[in-house]
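To start, the structure under review is shown below, and the notes come after it.
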Amino acid sequence: MKRMRRYVRNNAVPLALLAPAVMIILVVVLLPLIFSFYTGFTNYRLIRPESLWDFIGLRNYARVLTDADFWAALWRTVLFLTVALNLEMLLGLCLALMVNRITWGQRTMRTIMMFPMMFSPILVGFQFKYMFNDTIGVVNNALQSLGLSQKAIPFLVDRWLAFGSIAFAEIWMSTSIFAILILAGLFAMPRDPIEAARVDGCTSWQVFRHITLPFLMPFIYIAMTIRSLDVARAYDIVDVMTGGGPAGRTELLWTLIARTAYDDARMGRANAMAYVSILLSIFFTWFFFRKLMAARQHLGAF
Amino acid sequence: MKLFEQSFTATVAILTLVTPLHAQDYGNFENYTLRVKLIGGAQYEPLYTLIPEWEAATGARVDILSRKSHFELDREMKQDIAAGGVEYCVFSSHTNFAPQYAAMNQPLDGLVGQDVIAAFSPLVIDHATVDGKLVSLPRHSDVSNLFYVRSLYEDADNKARFKAQYGYDLMPPETWNQASDQAIFFADPPNRYGTHFAGKDEAITGRFYEMLVANGGKLFNDDWTAAFNGPEGQEALNWFTGLYQEKAVPAGTPNYVWDDLGLGFAAGNVAFDLDWAGWAGFFNSKDSNIRNDIGVVLAPKGSGGKRTGWSGSHSFSITQNCENKEAAASFITFLTSHEAQMIEARTGLLPTRTQVWDDIIAEFKDQDNDFMVEVFEVWGESMRDHAFTPPLIAEWGEVSNALWPQLQAAIVGDKSVEDALNDAAKEVNEIMEDAGYN
């Protein structure tokens, strides 16, 4: 206790300066978290405020954990994350490598590359919903006009085509995040190791595989961490394009949670789902953070 | 004589237009600011251009806090209820969702004059009444009837082939079984489909529900347990699954909602379309491929002899927290007045005041707009004799969300009709039990 008092006395000014920020974080972040965690143990319905005090113990969690639809949505979200992140990374890497080689108009290209990020996800959702429409959509019309298909392809109905369509929209919108971060890595990269490797007779592939890529890996893992949190919360695009359907074929965690929370007004149950699904985000953050540390160690940063 | 009639009509029309809407006494609320949350979107906005007139007439000012789509506004109001933050007086509601807002609904009996209420269609007022209390004043109604491409039905070759194939004359369908035959007959994918239907969200629940009722079934038993998984429900769902499996509807149908249907029919891709009257103007506009080739008939009958008629009305409500309920009542009376409803009716929206039905038909007749006359006559009969709402309970949204994924599962072939309805019934029973109904 004495040590505590002494610590406070010796650091009174910095602690006083930090206090407002700590208070704001407590009020803005911690309190809502505690509140939402509590509601997971209640029968809280938005349209019946008094139900906030209707404590039902672990019933919401028991129902969520035994709900096949919830688990299906969770695994579909993991698959969606895996597909979207890997393809975004590959395409972003290709884009960044190509833009990096441009000697004229590179700034313009970088700006153009960022255009998809500037659209609201809702607009992106509508754009692809109409493009993939089976009767009036441009994709089907183009395929039929070119003689590549004789029938209307149900892009937003077929189990895998619908999954692919929402992944396509997500990837179209966010690949540039990877491209920009990887491009930043390429700009920061020292030229000496590459030139030394070339003098030693390395091929372009060997230079890329053993020098460029290891150097870029920390940037890629940072992008992966940011995007994994984003994609795990994917909602707008999916809601507009398929609404999680048909028959739950494209249901992701947040379309399910948002419907339960707002349309059904069952906030208690939705919060229980959200807390279970947060484990997914924590896992991916931990996973990519470990990878990031390993990559940095590999580069000799520590 | 014709010239005189036209001049007289034009004079009356001009007089109607220039007659100030505040000719009626809407009260004096000098310096009062009325806070409101209103539904937004292209079809709802023209009405709000009248608000300055109410402000001029009453001296009050209207502060629009929110102007969002129905579903966004619904979420926002649920959050307001949960947060105890209902600090506004008027909000856009809907008769089918009004029971959800029980915590904020102010009963209008006593606030809105009996003479005003008496001017509305009795059925619509009945739909806006929850537990014996009028909780909203309807601004316009929705019910669906059948639009069809006339040339397809008048084509001699089509008539002959249909008669040979089905044994009865090709006419706009009187029953849903006939509609099914005709949808299959006209289908020629991917160039044309017989029909299409809204395949997700509350839209497919509503379509299933009205078919269930038309077949003589019901959603709930008297003890609020699910009743829709019986033979009538299976027959209703079989209608949708049958057409999907026969490829008489577009493959993307399970993902369609209203815009997809409206645009698809206007593109000339389907033979007939069960849809809202609000689309009539667009279907007959220069942006439509079927302009001047559209017929309308009442929605067909189910096997129970009843016509489908899932209906509801967009409306205005007053909050219990409102500190000036008289001003709020004046405002919603103004926004649902005869003149205000004429503005909406001219765009094809269905009025809720009895007199407006007669006046809008007379106006379209004067303009020789036979198509809109026919539309309002058909939809008028539908609203008067065949319209019905879902059960007016707060759990309607939840019940719908339990139903539609199962309906979709049957339509796309993931489950049998029987299994899908039984699974939905199980889920709905749990919802009703949790809500304290049984």
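We name chains A, B, ... by the order of the sequence lines, and we start the count at 1 in each one. All figures in this text were calculated on a predicted structure; none of them were measured in a lab.
Heavy atoms of B/Glu202 lying under 4.5 Å from chain A are absent altogether. Neither the backbone nor the side chain of A/Asn140 comes within less than 4.5 Å of any heavy atom in chain B. Of the atoms belonging to A/Tyr130, it is side-chain heavy atoms, and not backbone ones, that fall under 4.5 Å from chain B. Proximity to chain A (any heavy atom under 4.5 Å) is shown, for B/Val399, by neither the backbone nor the side chain. Using a 4.5 Å cut-off between heavy atoms, B/Trp404 contacts chain A through its side chain alone, with no backbone atom that close. Neither the backbone nor the side chain of A/Met267 comes within contact range of chain B; no heavy atoms are under 4.5 Å apart. With a threshold of 4.5 angstrom between heavy atoms, B/Glu430 approaches chain A through side-chain atoms but not through N, CA, C or O.
Pairs engaging residues 147-163 of chain A under the side chain to side chain donor-acceptor pair (under 3.5 Å) rule: A/Arg159-B/Asp414 [sequence neighbours left out].
Summarising the geometry of B/Val412 relative to B/Tyr244, their closest heavy-atom pair is CA-CE2, 4.1 Å, with the distance given to 0.1 Å.
Among B/Gly397, B/Ala102, B/Pro250, B/Gly264, the residue making the largest number of heavy-atom pairs under 4.5 Å with chain A is B/Pro250.
Residues from residues 75-85 of chain B that place a non-hydrogen atom less than 4.5 Å from a non-hydrogen atom of chain A comprise B/Arg75, B/Lys78, B/Gln79, B/Ile81, B/Ala82, given in numerical order.
Ring geometry for A/Tyr275 versus A/Phe37: interplanar angle over 60°, hence perpendicular rather than tilted (30 to 60°). Classification of the A/Tyr38-A/Phe35 ring pair by plane angle, with boundaries at 30° and 60°, yields tilted. Ring geometry for A/Trp172 versus A/Phe128: interplanar angle over 60°, hence perpendicular rather than tilted (30 to 60°).
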| query | Yes or no on side chain to side chain contact (heavy atoms under 4.5 Å, CB included) for A/Arg63 and A/Asp67, after CA distance, side-chain angles and deciding distance? | reply | CA-CA 6 Å; A/Arg63 279 189 180 171; A/Asp67 180 358; 5.9 Å; no
